[in-house]
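All values below were derived from every heavy atom in this structure, side-chain atoms included, with hydrogens, water molecules and symmetry-related copies excluded. Counting starts at 1 for both ligands and their atoms, following the listed order.
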Amino acid sequence: MARKVLLIGLDCADPRLVFDLWRDDLPNLRRLMEQGSYGRLRSSDPPITVPAWTSMMTSLDPGELGFYGFRNRADYSYDKMGLATARQVPPRTVWDLLGRVGKRSTLLGVPQTFPPRPINGQMVTCFLTPSTQSPYTFPPELKDEVEAAGGGEYIFDVSDFRSEDKQRILDDIYTMTERQFKVFRHLLRTKAWDYAMMVVMGTDRIHHGFWQYCFPDHPLYTPNNGLESSIHDYFVYVDGQIGQLLAEIDAETLVLVVSDHGARGMDGGICVNEWLIQQGYLVLKEQPQGIIPLEKAAIDWERTTAWAAGGYYARLYLNVAGREPQGQVAPADYERVRDEIATRLAALGDEQGRPIGTFSVKPQEIYRTVRNIAPDLIVYFGDLAWRSLGTVGHGVIHKFENDTGPDGANHDWYGLLIAYDPQRPQGGRRLEDRQLMDMAPSILREFGVAPLPDMQGQPIDW
Ligand SMILES: [Zn+2]
């Protein structure tokens, strides 16, 4: 009996929504849970799309992979950034290893698969694909088929999903999702596969666009806003699409539903560079006129100890003598300064000084190795309830809007895992919490393929 595995990735899907809150409204996911097993999957550090999916599919941590987000410092200059694309992904993903033993894979939308590279099978690249003008399939000639099967131009991502034009975003999310599922069903039907994996990005985009309208505990929530059911309704829609996929597969196929991290409301933002300025760690030559990105500010590097970048977490860098062009922190003081900043950040409360539970991690302490240029500190404001705002010119430290466009959701530590093997029903067994690096060896085991010796994860008994 030929083993097949179908993995449906729901980017940012939170276990609390699927397992508890909306369980009864999602008949297909509920059936997979009730007949299979399910549990939580701890995300990567940091819990963001890049590097999370690649960490899951290689069973290597971000330090070993050498990227810590989509944008990373390319060298120790102050401004050169590089993008983590498929070129940075080592050729040892689940599908690479399956290809070596002759197993065929079908991939659609798996983050960090652009630009496409040859696999034993076929793929449509991910949300980081610039446009349909780029090569986005393997084999290249698959492109025409994708356009025809999707019933319109293929959509990789919702453009400008942090916008006030909510109806446009909703329409785009649905159109994108519909075409992606259509194409994926077409590929499942028409191409030979042993492993098939699709990642839905709409689940992430709808959280960021609509969380503040849907959950009354969000600080920006207002009743009767007309969008209260937008995330719920989209999950119901995705569940229906999953039902159509399940109708395509046979009784030998193991079905996995996975997310790369969870989601939670955003309580606010910490203007991390404003804080560094107030503490004397960052010095500007002149006060910014209005709110500007730090890259546009006149930084007095000869008097600067540290600076940081924004996002769901802060990437904080020290200005180290002999490392950065105008480094100031003596190497002998590096650990002391790093600890001092981490301690002071942990003491930073909300706008009224109440504790929020900020903590920082050192890459050298959480990764097995640290390749390329990691931040000196990874800072989680309010344990991910607060975002890091990198812009300067605010004059305050606490803000209640994102600085790169309206966004109501932050990421959270736990994603979800549902496993259903028709040959081994589990009756809704609840799994212990696992880490997403456990996924690659678990999938390989289904095909009798040994994990690579340096894979960090352990197979899950699902
Ligand atoms: Zn994600």
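In summary, Met201 places no N/O/S atom under 2.8 Å from the Zn ion (ligand 1), failing the contact criterion. At least one N/O/S atom of His261, whether from backbone or side chain, sits less than 2.8 Å from the Zn ion (ligand 1). At a cut-off of 2.8 Å, Asp204 is not counted among the residues with an N, O or S atom near the Zn ion (ligand 1).
Its N, O or S atom nearest to the Zn ion (ligand 1) is what matters here, and for Asp260 that atom is OD2. The N, O or S atom of Asp11 with the smallest distance to the Zn ion (ligand 1) is OD1.
Between Tyr195 and Phe447, the angle of the ring planes goes over 60°, which puts this pair in the perpendicular group of the 30/60° scheme. Using the six-membered ring where Trp is involved, Trp211 and Phe215 have ring planes that are tilted, between 30° and 60° apart.
The existence of a salt bridge linking Arg3 and Asp421 is confirmed by a sub-4.0 Å separation between a basic side-chain nitrogen and an acidic carboxylate oxygen.
Under the ring pair (Phe, Tyr, Trp, His ring centres under 6.0 Å) rule, Tyr234 has a single partner from Tyr174, Trp22, Phe210, which is Tyr174. Each of Tyr367, Tyr317, Tyr313 was checked for a ring pair (Phe, Tyr, Trp, His ring centres under 6.0 Å) with Tyr68, and the lone residue meeting it is Tyr367.
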